[in-house]
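Only one structure is covered here, and it is reproduced in the block below.
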Amino acid sequence: MKKGLLIIITLLTFSIGLSQEVEKANYKTTVNTFTSHYNKGNYQAIYNMFDANFKQVFTLDKVKTFFKEEINADALGKIEERTLNSRVRTGHNYTFTFENGTCTAFFLLDEANQIKGFQMYKKQ
């Protein structure tokens, strides 16, 4: 009986471990760079991480307005931690924990590891 219970617990632990999402190395590098730029308030550097098509839609002025007004970066403070929530197709969903709140963020990278898709929402 004890041996059977031990086997069940081991199998459950193993299957839970396999179901956890694994962050791709290129996303880890990009999100680390994004975090560094964000924490310095360097929105120009964040904009420079975008691919050419995304820059046409999300201009530098829109990037600055987004972080200052939509996200309210000054009130949220710096990013202290990030957690990978899931991988959606080739993109990654994260939770960012700031000094004064949390946001959900989605990153989609192109073949050159430039950001070709990005969304960020404050959690209510």
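What you see is a predicted model, and the numbers here were worked out from it, not measured in a lab.
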Shortest non-hydrogen contact between [X] and [Y], atoms and distance:
{"X": "T59", "Y": "Y47", "answer": "C-CE1, 3.7 Å"}
{"X": "G77", "Y": "E99", "answer": "CA-OE1, 3.1 Å"}
{"X": "F50", "Y": "Q114", "answer": "O-NE2, 3.8 Å"}

**Study point:** Pairing residues for N48 by the side chain to side chain donor-acceptor pair (under 3.5 Å) criterion, not counting sequence neighbours
**Key:** Q44
Study note, to complete from the structure: The side chain to side chain donor-acceptor pair (under 3.5 Å) partners of N113 (sequence neighbours excluded) come to N26
Point to revise | Qualifying side chain to side chain donor-acceptor pair (under 3.5 Å) pairs with a residue from residues 63-91, counting only residues at least two apart or across chains | key: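 Every side chain to side chain donor-acceptor pair (under 3.5 Å) pair that includes a residue of residues 63-91, provided the two are not neighbours, is E23-R82, N32-R82, N85-T95, S86-N93.
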Exercise for review: Measure the spacing between CD1 of I115 and CE of M49 and express it to the nearest 0.5 Å.
Suggested key: 4.0 Å
Check your understanding: Going from OG1 on T102 to CD1 on I79, what distance comes out if it is rounded to the nearest 0.5 angstrom?
Key ->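 Output value for this atom pair is 12.0 Å.
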Review point. Should the pair F96 and Y94 be assigned to parallel (<30°), tilted (30 to 60°) or perpendicular (>60°) ring geometry?
Key: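 Correct class here is parallel.
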Point to revise | Step-by-step side chain to side chain contact (heavy atoms under 4.5 Å, CB included) determination, L109 to K24 | key: CA-CA 11 Å; L109 304 181; K24 290 184 178 180; over 6 Å; no
Do [X] and [Y] share a hydrophobic cluster (ILVMFWY, side-chain heavy atoms under 4.5 Å, transitive)?
{"X": "V57", "Y": "I46", "result": "no"}
{"X": "V88", "Y": "V22", "result": "no"}
{"X": "Y121", "Y": "L108", "result": "no"}

Point to revise | Pairs flagged by ring pair (Phe, Tyr, Trp, His ring centres under 6.0 Å) wherever residues 64-83 is involved - sequence neighbours left out | key: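 Output for this query lists Y38-F67, Y43-F67, F58-F66.
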Exercise for review: Not counting sequence neighbours, which residues clear ring pair (Phe, Tyr, Trp, His ring centres under 6.0 Å) with Y27? List them please.
Suggested key: H92
**Study point:** Listed once per pair and sorted, the salt bridge (Lys or Arg N to Asp or Glu O under 4.0 Å) pairs that draw on residues 44-61, sequence neighbours left out
**Key:** none
